[in-house]
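A quick write-up on the structure given underneath.
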Amino acid sequence: MIPSIMVFDDNQRIAQEWAARLKAAPPIEKCFEIDILYENRTVFKTEIQELMKRQLAFRQNKTWEYGELKIDHASILILDYDLITPDDFIVGEVIAYLARCFSNCGLIIGVNQFGTNPFDLTLKGHSESFCDLNIGEKQLDNLGLWTDEPTRFRPWSWPQLSRYLKTIHDGVEEVKSFLSTPISQFLGLEDTLPFMPKSISGFLGLDPSTTTFYEFTLQSGNGLGRKDRIKPERFDKRNDLVIARVAATRILKWLEQMVLPGQDILVDGPHLVSRYPSLLQGKHAELKSWNMTTGFQSHEKIGIHYKTIKDYHFKKPKWLSRPAWFWSQVSECMDILEVRTPWERESVDFIFCEDTSSFHLRDECKDCREFTADLDSPFIHRFVRMENPVEVQYDPRVRFL
Amino acid sequence: MRQIRRELGKDYAILCQVLRKVNAYSLAEWRQELSGHGLRTNEATRSLYYNLIRIKNPMRKDELGQLVQASGNMNFIFENPIYLPPSYSDCDFIPLLHVECRLDESPPILNLRIGMFRLDSQDKIKGIGFRFESAHSTESHAYHHIQLCVTPFADENLNRVLDCPKWFPRSTPAIIMAAENPVSFILLSLFCFYGKDVFTMISDANIGKMYTGIIGSLMKSAATW
């Protein structure tokens, strides 16, 4: 079955415009069935009300049938945050929450919550949002978001959506069998979690090292909303799918947008070779060798000497959009030249830019700008290429050095 | 007439990069230590940290960048020190780093001052100071050197708290440093405290062998005895 993209906006003209833009991109159009979710405001309101009824049923420990609502069939839900519903006071985040918790939709993309063409210089992501990804409307049909095709502007924080859709689906399915397992144990983070900044580990709950998927969803405050939390002893297991879906998607987001960005707990390919160039396969003088590391394929296929660090890769690769390794272990591996004899480290002619997801020749980076990300990590100094500084909103600009 | 190296501008840029990364690393390490999950400090050292920051704030994440921007050509002086992480071997000591950079002068000046604070057996703060200085124009110290320093900081409050014994010698010994440029000067200075771990502090800095080679040479020559 072809996965579907459904565009959700209470303004039908905008919804149709966005759907048309996606259809006009052949690599997107050939892989997805694209449609707008609601033909008119009445249908829109009715489906929201049905989602709210499911919410009420959940609070009363009742169940419901999935598949009755159009939103249940959305593989990817594109949700405009700029809604005009003066009589309902429904905002985009509320719909994202309802869709995530009480529908069967797959990946949720929030649009325009933080600008129409934003690049976030804090690199912190938006963990509070129940969308899996937040972008601007001008970025919707950016092929770098949907395919492996390199584009001039493509934030490194973006997953590759065609792959990420499967990541979410597989994550939900896997978690169903592990709801009572501590999250840190499930992800192989037991040794790492105690050393994570509390701003990151605290997302899991009061006692991050023992919090299970159930407890995270029902008690942490980052799963279900306050009134939707049911005491575990009262919880009807027939609603385990709600728990699995919320837990899996929120933890996937936590890994992607809170754990990975600092590049000090887990480190991904381009940041790893920037620090340890000896791990790069291929000719170091060639740009393509460096850019191979920006791929989303498995760790054996991104041009890194993976065998040297095979014991340190993240043991749940399907839970991240890109290959990653445990930095504290890699940084102590004496098989790596830069660890053994750090004074032998070669200087690198290429810079990785967070807004293009690619390396660029240092000498051609005169307009590149260094900025300080707002992360609990020592690796806060990053670069952006800024190929289009007028169109793209690089915020907050005080972050530039 | 002293010849100014043409590469001094490039050295300066790398020097600032190194200091920024050392500061970012230090802030992250202290955050870890103060959360109780670090591997270096005990409760006494953490308590000392809280006492020290009441006297002088640690340099902020973006402070060095602002300092460099606001100051003149290759010329800045720290307002707040970098609170370096305790070394693993002397983890009772908290080293505070102060830097004075005047590479635009002739000869170029780069002075590091480090005060190492700790609590003694009566829980009183004590310490010792060091200064790492680039070559003076005077004959006696026309080489890069390290000396003890009784008052390493411009802030007299910090010096008073450091309480370095006044009878310490201030001129001798003047231990020679084999720094070839300002960057290797900084790296060698920090190497004295952290050994190879200094490279962990700057692992994402793009520094080539031009700056690190001297350390490699010294390590090799040490192995030949």
Side-chain angles (χ1 to χ4, degrees), chain A residues 192-202 208-209 262-265 267 270-277 327-328 330-332 334 336-352 362 365 370-383 396 398-401, chain B residues 10 13-14 16-39 60-69 85 184 187-188 191 194-220 223:
Chain A
T192 315
L193 201 69
F195 302 102
M196 277 190 201
K198 286 188 175 158
S199 57
I200 296 175
S201 63
S209 56
Q263 303 290 339
D264 62 329
I265 303 165
V267 59
H271 293 96
L272 179 61
V273 296
S274 295
R275 294 173 206 172
Y276 295 162
W327 170 245
S328 62
V330 172
S331 64
E332 290 174 0
M334 294 297 274
I336 301 174
L337 170 85
E338 292 87 353
V339 176
R340 196 169 59 245
T341 47
W343 42 85
E344 304 270 329
R345 181 191 181 278
E346 62 177 281
S347 66
V348 172
D349 292 331
F350 302 96
I351 301 177
F352 180 71
R362 201 173 282 275
C365 259
E370 193 174 0
F371 66 99
T372 311
D374 187 14
L375 300 167
D376 274 338
S377 160
F379 304 112
I380 55 174
H381 298 117
R382 311 285 179 91
F383 289 90
V398 289
R399 299 248 136 231
F400 283 127
L401 289 176
Chain B
K10 184 182 170 196
I14 305 275
C16 292
Q17 190 192 154
V18 166
L19 286 173
R20 275 206 315 272
K21 291 193 186 295
V22 167
N23 190 35
Y25 179 89
S26 302
L27 287 168
E29 283 293 295
W30 273 113
R31 202 167 24 241
Q32 185 76 343
E33 293 296 330
L34 296 172
S35 73
H37 291 303
L39 298 173
R60 294 186 319 273
K61 243 190 282 199
D62 50 359
E63 189 174 328
L64 180 59
Q66 291 169 348
L67 193 60
V68 166
Q69 248 184 340
S184 56
L187 293 178
L188 282 166
F191 197 89
Y194 300 103
K196 235 167 67 165
D197 278 346
V198 71
F199 291 98
T200 306
M201 293 177 151
I202 55 166
S203 52
D204 64 334
N206 186 44
I207 300 180
K209 289 183 202 170
M210 177 181 158
Y211 299 110
T212 61
I214 182 66
I215 295 178
S217 302
L218 291 169
M219 297 295 280
K220 277 187 189 143

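To find a chain, count down the sequence lines: A is the first, B the second, and so on, and within it residues start at 1.
- Listed here is the closest heavy atom pair of Pro378(A) and Ala24(B): O-CB, 3.4 Å.
- No part of Ser331(A) comes within reach of chain B, as not one of its non-hydrogen atoms sits under 4.5 angstrom from that chain.
- Of the inter-residue distances, the one linking Leu401(A) atom CG with Gln69(B) atom CD reads 8.0 Å to the nearest 0.5 angstrom.
- Of the two parts of Gln263(A), neither the backbone nor the side chain holds a non-hydrogen atom closer than 4.5 Å to a non-hydrogen atom of chain B.
- Residues Val348(A) and Asn206(B) approach most closely at N-OD1, 2.6 Å, considering heavy atoms.
- Both the backbone and the side chain of Asp374(A) come within less than 4.5 Å of a heavy atom in chain B.
- Interface remark: Leu375(A) contributes backbone atoms only to the contact with chain B (heavy atom separation under 4.5 Å).
- Each of Met196(A), Arg362(A), Arg345(A) has some count of heavy-atom pairs under 4.5 Å with chain B, and the biggest count is that of Arg345(A).
- With chain A as partner, the option from Ser203(B), Gly36(B), Ser26(B), Gly65(B) having the largest number of non-hydrogen pairs under 4.5 angstrom is Ser203(B).
- Neither the backbone nor the side chain of Ile202(B) comes within contact range of chain A, judged by heavy atoms closer than 4.5 Å.
- Atom NE2 of residue His381(A) and atom CD of residue Gln17(B) lie 9.0 Å apart, to the nearest 0.5 angstrom.
- By number of non-hydrogen pairs under 4.5 angstrom with chain A, the leading residue of Lys209(B), Arg20(B), Lys61(B) is Arg20(B).
- In this structure, the portion of Met219(B) lying under 4.5 Å from any heavy atom of chain A is its side chain and not its backbone.
- Heavy atoms closer than 4.5 Å to chain B are found nowhere in Val398(A), neither backbone nor side chain.
- Atom CH2 of residue Trp343(A) and atom NZ of residue Lys196(B) lie 5.5 Å apart, to the nearest 0.5 angstrom.
- At a 4.5 Å heavy-atom cutoff, Leu27(B) makes no contact with chain A through either its backbone or its side chain.
- Within the model, atoms CZ of Arg60(B) and OG1 of Thr372(A) stand 11.0 Å from one another, a figure rounded to the nearest 0.5 Å.
- At a 4.5 Å heavy-atom cutoff, the contact between Arg340(A) and chain B is made by backbone atoms alone.
- Ser347(A) and Gly208(B) make their closest contact through CB-CA, 3.6 Å (heavy atoms, listed as atom of the first residue, atom of the second, distance).
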